Amino acid sequence: MTRAFWTALAIVGAVLVETALGYLVPQPGRLFDPFLLVVVYCALAGGETHGMLTGVAAGWVQDALFGGRVLGLAGLSKLALGFAVGLAGGRFLITSAPARALAVLVASLADGLLVPWLASVFGLELAPLAPLALVGRAAVNASVGGVLFALVERRLQGSR
Amino acid sequence: MAQAVSPARRSRLLLGGLVLVHLAVISHQVDGGGGVSLLQHWLLAALSPLQSAVASVVGGASEAWRGYAFHRETYAENRRLGARLRELETQLQARTHRAQEAERLRDLLELRRELPLQTLAAQVVGREGVPWVRTLTLDRGESDGVTLDSPVLSPTGVVGRVFATGPHAARVQVLLDRDGGAGVVVERSRVHGVVSGQVAAPGTGSDDLLLKYVPERADVRVGDLVVTSGLDRIYPKGLVVGRVRFVGKGSGLSQDIRVEPSAGFDRLEEVLVVRRTELPLDTPHSVQ
């Protein structure tokens with residue numbers, strides 16, 4: 001129950017950040033994906049089931065508020081990422097800040113490739129991101145994610 | 001005696017189930033022409049109040065931040081020019097801000113007067129959050145008379161059309177979206193075509209619109225004004241879309257034509273939504 005509450009709060013936080021970014025930069029989605037950070041963190045902290053459920057929730061909120069005409073693409077992509085990251089978190093030691101940042105980097109790259117691919121499977125046209133933009137977005141996500149995860153962990157350890 | 005399902009097996013079953021649900025939901029939307037308005041409607045109705053609240057908080061914070069930044073800037077000025085000048089500068093900035101806002105609203109009002117259509121002014125409260133689409137969120141919804149496919153205009157040109165509505169919010173597919181499009185005509189030569197977006201990433205391409213289906217020998221020149229043709233039955237005839245920036249040889253029998261959109265999509269703060277029920281098939285004159 002507590003975990004669900006904090007996850008929901010994190011998704012609300014992602015909405016806030018995404019909306020705020022919309023005021024500051026013209027195309028915030030090209031720069032940064034706060035929903036992805038929520039999914040990766042929850043998957044690493046709670047395992048694949050928690051990761052994929054968070055992925056579904058975060059992806060659908062992102063689809064509904066910031067996505068295109070067809071709902072579910074970000075939901076499906078983040079569901080798969082939540083599961084994959086959760087699975088990887090259970091098998092490998094992804095606890096240090098650089099390892100977590102690397103997990104965000106890989107997840108961000110996968111998300112950037114997965115959504116256009118899923119769209120093409122359904123016969124929808126989405127412009128794939130240019131390689132430089134894809135890597136840039138992943139780097140920003142990884143940098144911010146690495147710092148944020150370290151801060152959250154430090155706070156959690158302090159409260160224990 | 002039923003055997004207990006292991007957690008790993010349970011999570012895989014859940015994954016399979018959720019993937020199937022997603023595939024079904026997405027397929028249903030695609031089969032239905034790309035828009036499950038009821039689903040969009042419910043989700044937007046449930047989530048848009050949160051976004052509106054966040055937008056107003058962020059808007060306030062943004063204003064406060066701008067104010068803070070401005071004061072820091074003028075502080076350096078004050079050091080050189082004295083207290084009197086600082087006061088005047090502050091007043092001047094505040095008035096300039098108000099004047100700019102008034103100018104934008106005046107432009108919007110003028111466009112509203114010129115248009116032979118019933119329109120509704122709306123504020124942009126959000127932008128797309130994924131890199132593959134170009135959308136806006138407006139603070140007006142069904143309760144204000146906004147309906148699906150309502151054209152959205154700015155004082156300088158066509159912005160896009162409404163693709164999802166909630167009670168107090170609506171989402172707009174911008175012309176720049178790759179999935180977006182409008183029937184257009186080149187005003188000088190009356191050559192017809194269709195414009196659509198490319199959604200190019202900043203720094204890696206252009207934000208020009210593609211003018212498609214123009215035959216190789218059609219008379220189109222750089223600088224030509226492109227306006228809506230009204231043939232798509234969404235946008236009224238004669239609204240400015242942009243100017244031709246590039247004409248080249250395309251693949252096949254069509255020309256490669258790029259149009260610079262006249263609406264400044266990245267700077268939009270207020271827009272006009274045309275009420276669908278009031279749409280005439282022929283707008284009598286070009287609105288520029």
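Chain A is the first sequence line, chain B the second, and so forth, proteins listed ahead of strands; every chain is numbered from 1. Only a predicted model underlies this, so the values are computations on that prediction, with no experimental measurement involved.
- Residues A:Leu73 and B:Ile26 are in side-chain contact: their nearest non-hydrogen atoms beyond the backbone lie under 4.5 Å apart.
- Here B:Leu14 contributes atom CG and A:Met52 contributes atom CE; the two are 4.0 Å apart, rounded to the nearest 0.5 Å.
- Residues of residues 75-90 of chain A placed with any heavy atom under 4.5 Å of a heavy atom in chain B are listed by number as A:Gly75, A:Leu76, A:Leu79, A:Phe83, A:Leu87.
- Contact tally against chain B (heavy-atom pairs below 4.5 Å) for A:Gly112, A:Pro34, A:Gly59: the top residue is A:Gly112.
- Residue A:Phe66 comes nearest to B:Val133 through the heavy atom pair O-CG2, 4.2 Å, listed as atom of the first residue, atom of the second, then distance.
- Within 6.0 Å of the CD atom in B:Glu63, the count of heavy atoms belonging to other residues, nucleotides or ligands exceeds 12.
- Counting non-hydrogen atoms of neighbouring residues, nucleotides and ligands closer than 6.0 angstrom, the OH atom of B:Tyr213 reaches no more than 12 such neighbours.
- Scanning residues 41-50 of chain A against chain B with a 4.5 Å non-hydrogen threshold yields A:Glu48, A:Thr49, sorted by number.
- Across B:Arg171 and A:Asp63, no two heavy atoms sit closer than the pair NH1-O, 3.7 Å.
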From CA spacing to verdict: side chain to side chain contact (heavy atoms under 4.5 Å, CB included), A:Thr19, B:Val125: CA-CA 8 Å; A:Thr19 308; B:Val125 295; over 6 Å; no

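- Looking at B:Leu23, both its backbone and its side chain come within 4.5 Å of chain A, counting heavy atoms on both sides.
- Taking all atoms of both residues into account, the shortest heavy-atom contact from A:Val56 to B:His22 is CG2-CE1, 3.9 Å.
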